Amino acid sequence: MPTPFRNFFRSLLAALVFGSFAAAQSGQNTLTLAYGEEPDTLDPQRTSTAVTGLVMRYAGDTILTKDLTGAYADGLAESWAASEDGLTWTFRLKPDVTFHDGTPLDASAVRDSILRALDPATQSPIAGSLFAPVTDIEVVDARTFRIQLESSFAPFLDNLTDPRGAIVQAAAAVELGADFGRKPVMSGPWRVEAWESGERIVLVRNDDYAWGPSYTRTGAPRIERIVFRIVPEAATRAAAFEAGEAQVVMPFPVNDVPRFLDDARFEMVSFLRKGIARLMEMNVLVAPFDDVRVRRAMNHAIDASVMVDVVLEGRGVQAYGVLPPSIWGYWEGIEDYAPSYDPDAALALLAEAGWTPDASGTLRKDGAPLTFTLLSPPFDDATRSAQIVQQQLAGIGVDMKIETIEFGTLLELAQEGTHQANLIGYTYANPDIVHLWFHSSNIGTGLAHSHFDSPELDALIERSRVETDEAVRLEAYADIQRFVADQALWVPFYINDNYIATSASLEGEQVHPDGFLLLNDASLD
Amino acid sequence: MSAYEPMANPAPRAWRRLWRKPGAVLGGALVAAFTALALFAPVVAPYPPMEMDFRAVQQPPSLAHPFGTDDLGRDVFSRVAYGARISLQVGLIAVGIAAVIGTAMGLIAALAGGWLDGVIMRSVDVMLAFPGILLALAVVAVLGPGLANMMIAVGVSAIPVYARTVRGTTLSVMELDYVVAARSLGAGHVRVALQYVLPNVSAPIIVLATIGIATSILSAAGLSYLGLGAQPPTPEWGSMLSDARAYLRTGWWMAVFPGLAIMIVVMAFNLLGDGLRDVLDPRTR
Amino acid sequence: MIPFLLRRLVAAIPVLFGVSLLAFSMTHLTPGDPVKIMLGERATAEDVARLRLELGLDRPLPVQYLSFVSRALRGDLGTSLRSGQPVAREIGDRIGATATLTLAAMGIAILVGVLLGTLAAIQRSSAVDALIMMIALVGISMPTFWSGLLLILLFSLTLGWFPITDGGWSGLVLPAVTLGLPAAAVLARLTRSALQEVLNQDFVRTAHSKGVAATAVVARHALRNALIPVVTIIGLQFGNLMAGSVIVESVFARAGIGRFAVNAIMARDLPQVQGIVLFAGVIYVVINALVDVVYAAIDPRISVR
């Protein structure tokens, strides 16, 4: 019988027979996390989804980690040192570390893992760029390895803490092929036991775990199972949490927050997102945004504080530049430096650019009205922000049309460079994100949707990557923030407070500054 | 040959009988009210439907805002009123597309017969092999989201019903004594279609169309829920309902009023359609 | 009977052909070069040429179609672009959930719908009749995502009777009711009108006047005749249920084909879309054929024709 039919009957039978037992599985020592998206793959080196990164926080280990204050701390490596010129990094691994399949995680295993991330055959979307400047990895002995960088790379240590850089068992990846993406062999406190498509990802405790970071429990965790329950509908997530079917929901829908804040059964933690939640990118290749005066006028014409009040219901702050206050590298002066809400200034700039109002108030140039299309992803906050912007711009005579398209398609169109403007947002741990957004090497292939090709900006960005002196690096990032504000490539809107909702029955969890729950020490009562 | 009696001119008798059915009367009255609301929305609505008042966000129903305001400070009553226009548009255009194309297909299939009949009906079967919403999804996937494309998608997915019904009715009409006689005297396909078939097939089409308007409003709501419907800030009832999902506990009015509007209008068209079916279907006379 | 069955199966073949043709042409109907779409942004000219050769897209269309069909018959529906998994396996993983949901919803629809419709027909022109018809009307007038969320609100959060996301039998109730409600309403109305028609006929009145108890009359004569249109509609409703599962699966977080199809279409994962279209189409044709067979078994007139 052909495969699909066999699968049909097997799956039908399983659903009928075992369906009744599925409920029983959420036992005493199981933590259920309700999440909205499904991973594309659980192979951290092949994924482009954020949820895989989240799963890797529990199933994988990175070479280094950040402790609860944000300082670099031990991960798989117990110690590390850099050479004088910053081009050679030596790491010493903790002893007796093993992968989930029992094989040793030694220096050569680390080497194999990093090489796999860099291998063009892996086609790694993110992990590859995390290790991009690595030219060579030398195995000194079983527990020591040396990484050679082609040039000084300031974000290097930060990238080593990214969960998508977790060390994989490369040999197993070769052996299991596509199945490695369903059940990766990692080394973390829990291991992936099953991924039921569309429903849940089940992690089971790694009883052999003994190499946790020094700022938390180093041995095997208390919680036996972690279940990532995939629930796409936000209202259902909140309902499931309220009914006690999930003990953690992150991120928690903003408008449901007030109801839960006073409820003793639940705990709500919030922190400012590490990233700009919503911003408008403008494409400099296509009119009307080929004129910097029009772009600056947009910044003057849009009042982002309204969006903080209405879309975020006050739970967040206005964004002024390309970096949020929650990321190191943020320049406080940007709040005054960036163009402020000033409709008159906007009209003046537009007049300079040749756009003048007609009898009905519509701005025109040579008879043609000032109109553009904004591409928006289908997320609630994006469509609401878009509608607010539409009204604000209509107030000065600009006709903006909204087109909601699926996120993947939006990225494709923005890369092509035929669009005029689009909404987007990001989450990232360090300021090197500016490279992804603005360096000319990312035009057409990465996130440089503004298509702004400037050797001057490129130089500023490269300097920020190479410079190891912190103070100088801060200056470099301040320069970048000023430059982008001058060129008005973006209109930043807001940064939201991320809420994590946890059940009171979960104890010992710690909120990590990188925006996730550290569960090594947590238990359910 | 068959003794099936066509309706010579069912209109006057049918209308009179229609008014004696309370369900149909209620349905008809509601449909009329809905149409009036759609036509006179600019007059009825106290505020422009897209106007956002940021100081009056998520307000419960009050004198100033009888249906309350939504999450962006827009008056729900005005949006529901303008939404009637959009729903009427969607219903009429979708049903129009389905009825015109479906009738044409059914007529041609029945009149031409032979291999053409086979090809057309097999294509109808293929279209029927895909549940309405999947077909609509596929159309939107190819054409892109938006109100116009949604109308096309919903219309296309409804074509098979008309094609099948019209073909069936045409076949039985063609077996009528006098039609057979006319054809043997040389009446061409077009004449047969216009003079004999259409008057007889209009009844089931009207019934299908009435109920079809109701179904297309529901399909539009479903597509909006999946994010493939009207673009913001269009006040389409389905997308209003979908957007209000997150506020079910804190802002019930944002969902209840558009939801009630959908329900009442769909019920009205169903009642009217039922009444028409009872009246126009010769079997129940 | 057998010749009818054979004729029915033969008639299904051109439809299957049409379905497979439609599924095959999906890649070529969407705007843009299918290979470029598949490879995405990082594709070089060599990658594009290589994949085109690998997928056999350089061969003439009829040859491609034949290989598509032959692979499908062997159970190979291609490989998903996003996950790298065989599409057949992905469909297989999820079909169970949709099947149980659809069958449960159908069960509820038939039980509730036929029961209520029968009740309304017997009690004609009374308050019961009007009430049942009112409920039925409401049932077909509510968008499913709304009724689903309202049911969650009432039965899960307020009353606590059923779980929301947990599986098992109790977790099947709310989604099945949400999905089956419109179908139940349609069946109720249909059963009522079909029964009424039969109950009005002379032979029933004769039997009644001779003193045969009302229930016996209904059971033996009326119901059997009334079943015919009901069975046809059940077949049609199956398609609607599969379609409705798209929304219900999203609301209740069930991993079924419906949601899978929507995600595949939105992500432009063409091999997945192709596989699903082919699979869904074949299933529907098969179900329709089965319904016709049942129809013929019930109504002796049909097989004679």
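The chains referred to below are lettered A, B, ... by the order of the sequence lines, with proteins before strands, and numbering in each begins at 1. This is a predicted model, so every value here is computed, not measured.
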Look only at the side chain of Arg254(C) and the backbone of Gly198(A), and say whether a donor-acceptor pair between them is shorter than 3.5 Å.
no

Side-chain donor-acceptor pair present, Thr165(C), Glu245(A), cut-off under 3.5 Å:
yes

Let me know if Glu38(A) has heavy atoms under 4.5 Å from chain C in its side chain, its backbone, both or neither.
side chain

Please find the pair of heavy atoms, one from Ala253(C) and one from Ile230(A), that lie closest to each other, and give the distance.
CB-O, 3.7 Å

Flag, side chain of Glu199(A) to backbone of Ala255(C), donor-acceptor distance under 3.5 Å:
yes

Which value, rounded to the nearest 0.5 Å, describes the distance between Arg94(C) atom CZ and Glu196(A) atom CD?
11.0 Å

Honestly, the part of Ala178(A) sitting under 4.5 Å from a heavy atom of chain C is both

Leu149(C) versus Ala235(A), closest heavy-atom pair with distance:
CD2-CB, 4.1 Å

For the residue pair Ile164(C) and Ala240(A), what are the closest heavy atoms and their distance?
CD1-N, 3.7 Å

Atom group of Arg46(A) that falls short of 4.5 Å from chain C, counting heavy atoms:
neither

Which atoms of Thr41(A) approach chain C - backbone, side chain, both or neither, heavy atom under 4.5 Å
neither

Close side-chain approach of Asp179(A) and Gln85(C), heavy atoms under 4.5 Å
yes

For chain C, find which of Arg229(A), Glu242(A), Arg237(A) contributes the most heavy-atom pairs closer than 4.5 angstrom.
Arg229(A)

Which pair of heavy atoms, one from Val251(C) and one from Thr236(A), lies closest together, and at what distance?
O-OG1, 2.6 Å

